[in-house]
Amino acid sequence: MDRTGHIGQPGPLHDFYHLVWSYTVTGALMAANRLGVFTALASGPASGAEVAARCGTRPDWTEKLLVACLALGLVDRRDGRYRNTPFADRYLVQGRPEYQGEIIEHQARWERWQELDYYIRTGQRGPREARDKAEMSESDRAEAHRTWILAMHNIAMAGQAEALANALDVSGRRLLFDVGGGPGTYAAVLCQRHPELRAVVLDLPETMPIAREVVARFNLLDRIELRAGDYLKDGYGEGNDVVLLSGVLHGETPDDCRLMLRKAHESLKPGGLVAVQEILINDDRTGPLLPALFSLHMTFGAAYTGREIADWLQASGFVDVQVRPLAGYSWLNALIVGVKPT
């Protein structure tokens with residue numbers, strides 16, 4: 001047995017079988033997150049039986065889950081007692097500022113991936129996904145929506161908002177309009193960094209109570225207006241200095257993307273700035289892997305290229321269009337900016 005635990009040398013299919021079984025990694029992480037394993041370990045090192053007692057789980061199965069988390073590098077074990085790694089302590093403990101539990105839970109709906117061949121053949125939801133969606137209760141729908149919105153907050157707080165704030169200079173600008181702003185995290189971080197800035201966050205009515213919770217954590221309810229609406233149907237106001245579209249274009253068709261960018265142009269002052277933060281696929285469509293896989297998850301939209309979005313901006317009347325990579329991003333890998341002519 002070598003130092004990695006292999007008996008002999010792995011054969012040519014070893015890495016391939018890791019790929020085939022990669023969904024099990026996600027499943028183990030989701031189970032540990034749902035059961036509160038990392039939150040239980042935040043109070044101190046514990047044996048498998050003690051973790052089981054804290055989580056209300058079976059000791060034998062809890063031990064197996066902890067061994068899997070150990071192999072994944074999410075926990076350490078010393079003298080038979082488990083403890084969180086620094087990564088898990090930072091990102092996987094409920095209540096931490098950068099907690100990622102909602103984005104993990106949001107990805108727990110695997111129906112589309114299990115029936116992806118059906119979707120690719122027909123362009124329609126697979127029978128299982130359609131049935132499960134139809135059978136969801138109103139409370140389940142509300143909880144799924146809340147998880148999704150807070151998942152966007154998770155992403156923002158894990159470096160994405162800081163990456164945007166570092167790349168987007170809004171100094172001297174007074175009014176930001178955040179299209180489909182979800183929890184309002186990006187608007188809040190930008191307002192926090194620029195005391196002269198006010199913001200309007202436009203999103204669906206059911207999102208507003210969640211956004212209010214998030215913005216209240218930043219103590220910015222006096223500077224951020226939460227406006228209920230539909231970004232495809234409603235206007236974006238007027239006199240805006242900046243219009244932000246963060247992570248919204250990939251969910252829409254090219255025609256609807258162009259519509260939104262025209263509305264952004266109409267709402268801006270002369271000299272105003274449009275900022276599109278997105279997960280982009282390469283212009284030659286060779287990757288990267290995450291955007292390529294993410295594109296398969298989109299019902300109507302896709303992971304677009306920077307060139308496509310830049311062309312849409314120019315066609316909408318924007319000038320000085322630039323596609324910039326984002327340093328330190330956690331999900332959305334680029335910022336595309338344009339200026340409304342004076």
Side-chain angles (χ1 to χ4, degrees), residues 4-5 18-19 21-110 113 140 142-163 182-183 185 188-189 210 213-214 216-218 247 289-290 293-294 297 328-332:
T4 66
H18 271 275
L19 178 63
W21 266 64
S22 60
Y23 72 93
T24 62
V25 172
T26 306
L29 176 60
M30 287 177 176
N33 179 64
R34 285 180 173 175
L35 294 169
V37 167
F38 308 107
T39 302
L41 284 172
S43 59
S47 67
E50 289 169 333
V51 173
R54 294 175 188 178
C55 296
T57 54
R58 285 179 46 141
D60 53 347
W61 277 89
T62 303
E63 188 71 35
K64 290 201 291 185
L65 178 60
L66 286 165
V67 170
C69 290
L70 179 64
L72 288 170
L74 297 174
V75 300
D76 292 326
R77 185 177 63 200
R78 188 179 307 164
D79 299 326
R81 299 175 69 79
Y82 295 92
R83 69 188 69 212
N84 286 329
T85 61
F87 179 92
D89 193 63
R90 178 176 179 178
Y91 294 115
L92 300 178
V93 175
Q94 192 167 17
R96 297 281 198 261
E98 297 169 282
Y99 176 59
Q100 297 295 297
E102 284 90 9
I103 188 63
I104 296 171
E105 183 61 26
H106 176 57
Q107 299 302 323
R109 295 167 177 83
W110 294 359
W113 293 92
D140 286 342
E143 184 58 32
H145 182 76
R146 178 177 177 82
T147 298
W148 173 43
I149 297 301
L150 290 177
M152 301 306 101
H153 176 65
N154 289 172
I155 290 171
M157 293 302 293
Q160 193 70 55
E162 184 178 7
T185 316
V189 169
I210 310 164
E213 291 176 30
V214 172
R217 297 177 199 170
F218 289 89
L289 180 59
L290 179 59
L293 293 173
F294 182 75
H297 192 63
Y329 73 92
S330 58
W331 187 268
L332 307 166

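- Here the side chain of Glu98 pairs no donor or acceptor atom with the backbone of Arg90 at under 3.5 angstrom.
- Side-chain atoms of Asn84 come within 3.5 Å of backbone N or O of Phe38 as a donor-acceptor pair.
- No side-chain N or O of Thr147 forms a donor-acceptor pair with one of His106 less than 3.5 Å apart.
- At distances below 3.5 Å, at least one donor-acceptor pair connects side-chain atoms of Glu50 with backbone N or O atoms of Ser47.
- For the atom pair SG (Cys69) and NZ (Lys64), the distance works out to 13.5 Å, reported to the nearest 0.5 Å.
- For the residue pair Arg54/Ser43, the side-chain donor-acceptor check at 3.5 Å is satisfied.
- Under a 3.5 Å cut-off, the side chain of Arg77 and the backbone N or O of Tyr82 do not form any donor-acceptor pair.
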* Cys55 and Val37: CA distance, side-chain angles, deciding distance, side-chain contact (heavy atoms from CB on, under 4.5 Å) verdict -> CA-CA 7 Å; Cys55 296; Val37 167; 4.3 Å; yes
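- Scanning for side chain to side chain contact (heavy atoms under 4.5 Å, CB included) contacts around Thr24 gives Trp21, with sequence neighbours left out.
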* Test salt bridge (charged side-chain N to carboxylate O under 4.0 Å, His left out) applied to Glu102 and Arg146, step by step -> CA-CA 9 Å; Glu102 284 90 9; Arg146 178 177 177 82; over 6 Å; no
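- No side-chain donor-acceptor contact under 3.5 Å links Glu162 and Tyr329.
- A donor atom on one side chain and an acceptor atom on the other are not found under 3.5 Å apart for Gln100 and Asn154.
- A 6.0 Å sphere centred on CH2 of Trp113 holds more than 12 heavy atoms belonging to other residues, nucleotides or ligands.
- In this structure, Glu105 CD and Met30 CE are separated by 7.5 Å, a value rounded to the nearest 0.5 Å.
- Rounding to the nearest 0.5 Å places CE of Met157 at 14.0 Å from CZ of Arg96.
- The aromatic rings of Trp148 and His145 sit perpendicular to each other, their planes meeting at more than 60°, with 30° as the lower class boundary.
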* When you look at Asp60 and Arg58, which way does the salt bridge (charged side-chain N to carboxylate O under 4.0 Å, His left out) test go after all the steps? -> CA-CA 6 Å; Asp60 53 347; Arg58 285 179 46 141; 2.6 Å; yes
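- Remark: side-chain polar atoms of Thr39 are paired, donor with acceptor, to backbone N or O of Gln94 under 3.5 angstrom.
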